[in-house]
Each structure stands twice: as structure tokens, then as C-alpha cells.
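These numbers come from the heavy atoms of this one structure, side chains and all, not from hydrogens, waters or symmetry mates. Everything numeric here is computed off the predicted structure, so don't read it as measured data. Lettering of chains follows the sequences in order, A, B, ..., and the numbering in each one begins at 1.
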Amino acid sequence: MGTYPKARPHAKDLTVIIKKFVEEANELAKKKGLNELRKVLEQNAPQLLERKIKEKRVGLPDLKNAINGQVVLRFAPNPNGPLSFGHSRGIVINSEYAKRYEGKWILRFDDTDTVRKPPLPSAYKSIQEEVEWLTGKPADKIVIASDRIETYYKYASELISKGGAYICTLSAEEFREFRQTKSNSPDRDRSPEENLKLWERMLNGDFQPGEAVVRIKTDMTLPNPALRDWPALRIQDTENNPHPRENINSKYKVWPLLDFQSGIEDYLQGVTHIIRGKDLMDSTRKQTLLYEHFGWEYPETVYWGRVKIHELGGFSTSGMRNDIENGKYSDWDDPRLPTLASMQRRGFSPEALRNFWIELALTQKDISASMATIYSHNIKIIDETAPRLFFVKNPFPLELIDGNEQIPSNFKTQIHPEDENLGYRIWELQKENNLIYLEKEDLQLAKENNNKIRLKDFADIQIKDNIASIISLEPSEKLPIIHWLDSKNSYDAVLEITRENEIQLIEGKLENFPKLKLNEITQLERIGYAKIENKNKLIFIHN
RNA sequence: GCAGCUGUAGUGUAGUGGCCCAUCAUGAAGCCCUCUCGAGGCUUCGACCCGGGUUCAAAUCCCGGCAGUUGCACCA
């Protein structure tokens with residue numbers, strides 16, 4: 001009936017008719033079997049035999065009013081530090097949509113607060129690098145707000161002279177009174193000419209921070225208090241809090257606030273779609289009011305809810321910056337921090353992160369996801385190529401001797417169990433004076449099996465008085481299989497594991513692997529995936 | 001307090017009036033395979049916030065609750 005809406009009004013009559021036929025069919029099936037029924041259908045309505053397969057929407061939902069080739073998106077972080085994991089959602093979603101619609105996306109640095117959220121000079125560069133790492137290419141365009149202050153001034157002047165904005169000399173507390181009581185501030189009625197004069201004085205530095213602010217004239221009786229004559233530009237003490245970019249420094253005293261700067265810039269850049277957190281819903285409403293003053297059309301806006309990752313802490317950039325400066329964390333890529341730098345360092349695949357965010361999609365629900373989901377995405381990417389290696393924690397040495405069988409001249413096993421093409425790991429073994437390492441815990445495991453155990457891909461051994469003798473090369477009985485190393489083919493290495501915000505350094509022996517590449521992801525057998533930070537240092541990713 | 005937004009399995013998602021006794025993934029449990037506690041294969045578990053209404057038909061529309069969450073900054 002979904003396909004034939006015309007039939008809907010007759011639903012009641014139809015059910016009676018349908019019931020009749022269903023009964024008839026059931027009767028037929030009962031008497032002559034299902035196959036007979038199938039034959040009848042094949043003759044009269046073969047399409048009914050094909051079970052329709054539900055198509056599930058994959059990936060991100062469509063964007064409203066998106067015209068292929070004309071979509072312009074933007075992502076606007078504050079460069080007061082490198083990006084957190086939370087930021088990566090904005091980058092992934094925006095860049096994915098740009099790709100889908102063959103449009104472009106702008107990376108914009110909203111660096112307009114020099115006092116509370118002073119930009120970090122290195123972040124301008126590191127954020128661009130992080131973007132490139134995550135998406136595989138640079139953003140289509142870079143815009144830096146602090147480069148464009150004068151442009152924002154121009155639009156502010158224009159709006160003031162049109163009477164759409166005014167200079168308010170009330171303190172924030174004083175204005176709050178008016179906002180709460182839905183009444184106009186006395187400054188509201190000043191003429192555009194007077195306001196323009198005050199605006200000039202603001203620019204000249206006649207006012208101290210807090211003494212004057214430019215407000216967008218909306219309506220003090222608006223039901224949503226946030227929208228009532230909202231502030232657009234304010235004064236910052238850039239003598240004591242200079243902008244860290246050298247050419248900006250103390251050049252400007254009047255600075256735009258987010259809602260104004262962002263609104264003007266989105267218009268100037270021709271942004272067609274804004275994807276932002278729902279905490280910025282009021283921003284949309286404020287900016288829509290601003291656009292009305294100018295007669296502009298506001299972009300399509302999509303919101304996402306808050307995301308919490310169970311295992312990760314908060315994403316406050318300023319907070320992390322403090323902790324790093326206080327020495328609580330080593331740097332932005334400290335494995336305990338929920339930063340992109342940290343995840344990159346720990347060996348998360350950018351593709352996995354992209355898949356993760358795409359799967360979470362765009363909903364206004366507040367989400368709380370688990371690292372397990374990210375791990376699972378990551379494993380799908382890295383497992384196929386990760387070379388298998390042995391790492392023996394807390395190594396316990398044993399002397400390997402001939403037993404029922406002699407020590408072979410070498411040990412050979414596949415680099416990857418599912419892909420022979422990746423090659424082999426080959427160690428040369430000596431006939432005498434062979435020292436092998438087992439994990440202390442595995443020694444215990446051997447004890448529980450009459451001091452017998454199987455060295456993976458090698459041999460069953462019998463352990464006695466720190467001596468391991470070979471029982472057989474082929475598995476002789478069902479013994480636990482453990483990883484192991486030989487002293488000539490291994491060296492000291494450290495595995496760094498972060499658990500519950502504690503960094504643990506585990507010393508051990510790492511298999512000597514001539515093909516070892518820096519920053520490569522390996523799978524330490526029976527331990528988990530790890531990244532090779534340098535020859536002697538591994539970082540644990542997950543298992 | 002005022003204003004907004006959201007409510008589908010443990011978690012995340014699909015679903016916009018009949019293809020839904022509800023999709024897929026993750027998770028958990030079990031089995032198979034494998035000389036790794038990895039990967040792969042199979043099976044099972046588990047959800048439409050509640051209450052009314054509209055309709056032949058409601059996860060889907062309407063009303064009312066309830067819960068969660070966000071904003072009300074001269075931060076972004």
C-alpha cells in the first residue's frame with residue numbers, strides 16, 4: 001500500500017479480500033505443498049518471490065540543498081593548542097562532505113581571544129599537519145581571523161551607520177540587568193552618527209577593556225535571552241596580552257567576538273553549509289539576526305551532539321596546556337592525553353579515525369562511545385599488514401640443548417600468518433651455547449604441564465634446571481603455545497603501555513627484525529599491537 | 001528560572017505511516033578455524049522513554065508527561 005497510495009482509502013475492504021486469498025493459498029500449501037504454491041506464484045507474479053533486501057544507508061546522511069561542485073564548508077578551531085580527538089570529528093565530517101560533493105572546505109583559525117585563550121604560535125602549523133595526516137591532504141583553503149580584523153571593522157562600521165548596531169558603554173553586569181528584564185539599555189537609542197564617533201574612539205584606544213562594546217541590535221524582548229542585543233566586538237588589552245603572531249601583536253585593541261567574526265567570515269567565504277556542535281545553536285540564531293541586517297542568506301546548518309569517549313578525559317585545550325606547562329604531561333603527544341598528536345604517536349590509523357566518525361554519523365544526540373569501537377576500526381586497518389614479532393616481557397633465560405631432536409640450523413616463520421607474500425622471519429641458530437628467553441609467567445605455564453611447553457612455530461621443549469631440551473619439532477602433544485626468543489636474534493627493548501592514565505615501561509627482549517621500519521605498526525604475538533617508535537622503544541596501541 | 005535540542009539493544013547507528021514480531025556495527029556468550037590472548041567464519045543475547053490520541057495500519061503523525069543535554073560570557 002506504500003507503493004499504491006490510491007488503495008489506501010479502501011484498506012478495510014482490501015483486508016477482507018486479501019484474507020480470503022491468503023486462506024486459499026494456505027489451503028493449497030497444506031494440500032499440495034509449498035512447491036505447488038511457488039509454481040503458481042512463478043506463473044502469475046514472479047516478482048513476489050524475490051525477497052527485497054533492505055538497503056541501509058551507509059556513511060553520512062545527505063546534506064540539504066547541496067549542489068555538487070558548489071558546496072563550501074569550514075572547520076574553525078581556536079589555535080590555542082594542537083587538536084584534540086574531539087576536533088577530529090569536525091575535520092573528518094567536513095572533509096568527507098567536501099569530497100562527496102566535490103566541493104571544498106576551509107580551515108579557519110579563530111584566534112580572536114588573546115587574553116583567555118591566547119593562540120599558541122606552533123599550533124597554526126601543527127594543526128595543518130594534523131589535518132593533512134587525518135585527511136591525507138591539506139585543507140582547500142586557510143583563513144586566519146587575526147589577518148582579517150580590518151575587514152571585520154569594515155562590516156562593523158557599516159552596520160553601525162545603518163543603525164543595526166550600537167556602542168554600549170554598560171558593564172557586562174549592568175547589561176545583564178537589562179537583558180534579564182527585557183528592557184532597552186539607554187545606549188540603544190543613540191543615533192548612528194553618535195555611535196560612529198564612539199566607534200572611532202574605541203578604535204583609537206580611548207576605552208579600556210570592559211568600558212565599551214559593539215552590540216548587534218536585535219530585540220530585547222526576544223524569548224531567548226542569549227539573542228538580546230548580543231555583543232559583536234569588544235576591547236582587549238593587547239599591550240599586556242599581545243597576540244602571539246608577530247605581525248599582529250598589539251596592533252588592534254578592538255577584537256570581534258566569535259558570533260560576529262564567524263558570521264561575517266562565513267558570508268565572505270561563501271560558506272554554504274555549516275556543521276557545528278549543538279552548543280552553538282544560539283550562535284546560528286544570533287548570526288541569522290546579523291544576516292538579516294545585511295540582507296544575506298544564512299547557510300544551511302547541521303548540528304551534532306556532544307561526544308564522550310568512556311575511557312578518555314575532557315578535551316579542554318586550555319586545561320591540557322596548563323598541565324603540560326606544569327609538567328604533569330610531557331607534551332601534547334603524551335600518550336595519556338586525548339589529543340590527535342597522542343593518537344598519531346600511539347599508532348592509530350587516520351583511516352580508522354575517519355571510519356569511526358563516519359559511523360557515528362551526524363545526530364544531535366549526545367553520544368558516549370567506547371575506545372573498543374575505535375580499536376575495532378583500527379584493527380581492521382592495521383591487522384592486514386602488521387608484521388608479527390616476538391617480544392618477551394620479563395625474560396627468563398634458559399639454555400637450549402639437543403634432546404630427542406637436534407637444534408636445527410635456523411628458525412623460520414611467516415611475517416604474517418595470512419599473507420605469505422609478506423615474507424619470512426628467519427633466525428640462524430647455533431648448535432651450541434644457545435640461550436633462549438621465555439616470559440616468567442610462561443615458565444609457570446610450563447610447570448603446570450609437566451615442565452613441557454611448545455615454542456611457537458618451533459619445537460616442544462622439556463624444561464629442567466634452567467635447561468630446555470627439544471622433545472620434538474612437530475607438536476607431540478597438545479601443549480600451550482608460547483612466544484620465545486633466542487639471545488642471538490633479540491635485543492633489549494622497552495614497551496610503553498598506558499593504562500588508566502598511568503604510563504608503564506615494560507622491559508623485555510625484542511626480536512631482531514631486519515626489515516624493521518620506524519613508526520611501523522607491528523603485532524607483538526600474544527601481547528597486542530604496538531608502534532615502533534625507535535629500535536629499542538615500542539608503544540603499545542591496543543590488543 | 002528562561003530558552004533550545006534529543007530520546008531505537010550495554011554502546012553507536014538504519015528507519016520519516018504498511019516492506020519492521022525493527023538494520024548494521026560494536027560488545028558479551030558459545031562453537032569452528034588457526035602453531036598468537038590477533039585475524040577470519042558461524043550461532044546466540046539484546047531496543048522503539050512513558051501515557052493518551054489520529055488511522056484499517058504508528059518506531060514513524062498529534063498532545064501530555066518523564067529523562068538527559070546545551071545555551072543564557074565583553075570564550076571559542
Side-chain angles (χ1 to χ4, degrees), chain A residues 1-3 7-16 51-58 61 76-80 110-113 115-117 145 168 170-172 175-176 179-180 182 209-215 222-228 230-236 255 257-259 261-262 277-283 285 303 305-307 310 317-318 355-356 359-361 363-370 372-377 379-380 382-384 386 388 390 413 416-418 454-460 474-475 478-483 523-529 543:
Chain A
M1 219 167 280
T3 24
R8 278 177 195 164
H10 312 290
K12 221 168 197 172
D13 304 328
L14 280 172
T15 37
V16 177
R51 217 202 195 128
K52 273 189 196 163
I53 297 157
K54 267 180 227 165
E55 270 178 50
K56 196 198 165 177
R57 196 207 77 212
V58 279
N78 182 334
N80 60 339
D110 279 355
D111 55 346
T112 53
D113 189 328
V115 182
R116 297 187 201 214
K117 294 189 175 174
C168 177
L170 257 38
S171 71
F175 185 81
R176 193 170 299 139
R179 180 169 50 225
Q180 276 168 5
K182 298 188 180 182
E211 289 180 354
V213 65
V214 177
R215 289 192 181 279
L222 252 20
N224 185 343
L227 311 185
R228 299 171 193 159
W230 53 271
L233 300 102
R234 82 329 199 158
I235 294 159
Q236 292 194 103
W255 284 80
L257 272 332
L258 168 86
D259 295 311
Q261 179 272 126
S262 178
K278 67 174 182 180
D279 51 316
L280 258 32
M281 276 181 160
D282 285 347
S283 261
R285 299 183 183 107
Y303 305 96
R306 281 186 86 81
V307 175
H310 290 132
T317 307
S318 347
N355 292 342
F356 170 75
E359 186 182 79
L360 292 201
T363 67
Q364 293 188 30
K365 277 201 283 187
D366 296 316
I367 296 168
S368 139
S370 151
T373 311
I374 303 176
Y375 294 159
S376 126
H377 279 291
I379 290 172
K380 282 196 180 84
I382 63 178
D383 185 72
E384 276 181 30
R388 268 50 174 177
F390 288 160
T413 190
H416 193 289
E418 269 91 47
R454 174 149 189 92
L455 304 181
K456 189 171 187 290
D457 296 322
F458 183 60
D460 290 355
E474 289 306 310
K478 208 170 159 73
L479 289 170
I481 299 158
I482 61 164
H483 60 293
Q523 193 212 67
L524 304 176
E525 297 207 43
R526 299 212 299 145
I527 296 172
Y529 300 93
N543 49 18

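A:T363 comes within 4.0 angstrom of sugar-phosphate atoms only, judged by non-hydrogen atoms across all strands, and of no base. Contact annotation for A:L170: base contact, defined as any heavy-atom pair under 4.0 Å involving a base atom. Within 4.0 Å of A:P417, counting heavy atoms only, lies at least one base atom of the nucleic acid. Contact annotation for A:G305: no contact, since no heavy-atom pair falls under 4.0 Å across all strands. Among the atoms of the strands shown, none is found under 4.0 Å from any heavy atom of A:N543. Using a 4.0 Å heavy-atom distance criterion, A:S368 is classed as a sugar-phosphate-only contact. Contact annotation for A:E418: base contact, defined as any heavy-atom pair under 4.0 Å involving a base atom. Within 4.0 Å (heavy atoms only), A:L258 reaches at least one base atom of the nucleic acid.
Between A:I382 and A:Q523, every side-chain heavy-atom pair lies at or beyond the 4.5 Å cut-off. Residues A:P209 and A:R234 are not in side-chain contact: their nearest non-hydrogen atoms beyond the backbone lie 4.5 Å or more apart.
Across the P atoms, B:U34 and B:G41 are found 16 Å apart, a figure rounded to whole Å. Separation of the C1' atoms belonging to B:A25 and B:C45 is 16 Å when rounded to the nearest angstrom. The same atom, C1', is picked in B:G27 and in B:A47; the two are 15 Å apart, to the nearest Å. B:C21 and B:U26: their C1' atoms are spaced 24 Å apart (whole Å). Using P as the reference atom, B:G65 and B:A3 are 13 Å apart when rounded to the nearest Å. Rounded to whole Å, the P atom of B:G51 lies 23 Å from the corresponding atom of B:C56. If you take atom C1' in B:U69 and the same atom in B:C31, they sit 43 Å apart, rounded to whole Å. Taking the P atom of each, B:C75 and B:A39 are spaced 49 Å apart, rounded to whole Å.
The listed nucleotides are B:C72, B:G38, B:C5; the one nearest the side chain of A:D383 is B:G38. The nucleotide whose nearest atom lies closest to any side-chain atom of A:P231 is, among B:A14, B:A73, B:A76, B:A73. Here the nucleotide nearest the side chain of A:E474, chosen from B:C35, B:C75, B:A73, is B:C35. Comparing atom distances between the A:R454 side chain and each of B:C35, B:U69, B:A25 picks out B:C35 as nearest. If you check B:C75, B:U36, B:U11 against the side chain of A:H310, the one that comes closest is B:U11. Here the side chain of A:R285 is nearest to one of B:C74, B:G4, B:C72, namely B:G4. Closest contact between the side chain of A:K117 and the listed nucleotides B:A25, B:G27, B:A76 involves B:A76. Considering only side-chain atoms of A:D279, the nucleotide from B:G38, B:C35, B:A76 that sits closest is B:A76. Among B:C37, B:C72, B:U26, the nucleotide with an atom closest to any side-chain atom of A:P225 is B:C72.
The partner of B:U13 is absent, by the rule that a Watson-Crick or G-U pair needs both atom distances under 3.5 Å. Across every strand in view, B:C72 sits in a pair with B:G1 that passes the Watson-Crick or G-U test at under 3.5 angstrom. Base pairing of B:G51: its partner is B:C63, meeting the Watson-Crick or G-U wobble criterion (both donor-acceptor distances under 3.5 Å). In this structure, B:G46 makes no Watson-Crick or G-U wobble pair, since no nucleotide meets both defining distances under 3.5 angstrom. Under the Watson-Crick or G-U wobble criterion, with both distances below 3.5 Å, B:G40 is paired with B:C32. B:C56 is paired with B:G18 under the criterion used here, namely a Watson-Crick or G-U wobble arrangement in which both key atom distances are under 3.5 Å.
In this structure, A:K380 places its NZ atom 14 Å from P of B:G38, rounding to the nearest Å. Taking atom NE2 of A:H377 as the reference point, atom P of B:U26 lies 8 Å away to the nearest angstrom. The distance between atom CG of A:L280 and atom C1' of B:U69, rounded to the nearest whole Å, is 15 Å. Residue A:Q236 contributes atom CD, which lies 7 Å from atom P of B:C75 at whole-angstrom precision. With rounding to whole Å, A:R234 atom CZ is found 10 Å from B:C74 atom P. Rounded to whole Å, atom C1' of B:C2 lies 8 Å from atom CG of A:N224. Distance, A:K365 NZ to B:U8 C1': 7 Å, rounded to whole Å. Between the P atom of B:G12 and the CG atom of A:N355 lies a distance of 19 Å, rounded to the nearest Å.
Inspection of the A:N78 and A:D113 side chains reveals no N or O donor paired with an N or O acceptor under 3.5 Å.
Between the side chain of A:R306 and the base of B:U69 there is no donor-acceptor pair of N/O atoms closer than 3.5 Å. For B:U36, its base sits under 3.5 Å from the side chain of A:Q523 at one donor and acceptor pair at least.
Salt bridge absent: A:K478 and A:D460 never bring a charged side-chain N and a carboxylate O closer than 4.0 Å.
Closest-nucleotide positions on RNA chain B for A:P61 and A:H416 were compared, and the one nearer the 5' end corresponds to A:P61. The nearest heavy atom of RNA chain B to A:Y529 and to A:T373 marks one nucleotide each, and the one closer to the 5' end goes with A:T373.
Listed pair A:R176 / B:A73 meets the phosphate criterion, a side-chain N or O lying under 4.0 Å from OP1 or OP2. Close to B:A76, at under 4.0 Å from its OP1 or OP2, lies a side-chain N or O of A:T112.
Using a 30° and 60° split on the angle between ring planes, A:H377 and A:F356 fall in the perpendicular class, above 60°.
Shown here for A:A226 and A:D282, the closest heavy-atom pair between the two residues is CB-OD2, 3.7 Å.
The NE2 atom of A:H483 lies 4.5 Å from the CD1 atom of A:I527; values are rounded to the nearest 0.5 Å. The CZ atom of A:R228 sits 13.5 Å away from the CZ atom of A:R176 when rounded to the nearest 0.5 Å.
Every residue two or more places apart in sequence or in another chain that forms a side-chain hydrogen bond (donor to acceptor under 3.5 Å, both in side chains) with A:E525 is listed here: A:R425, A:K456.
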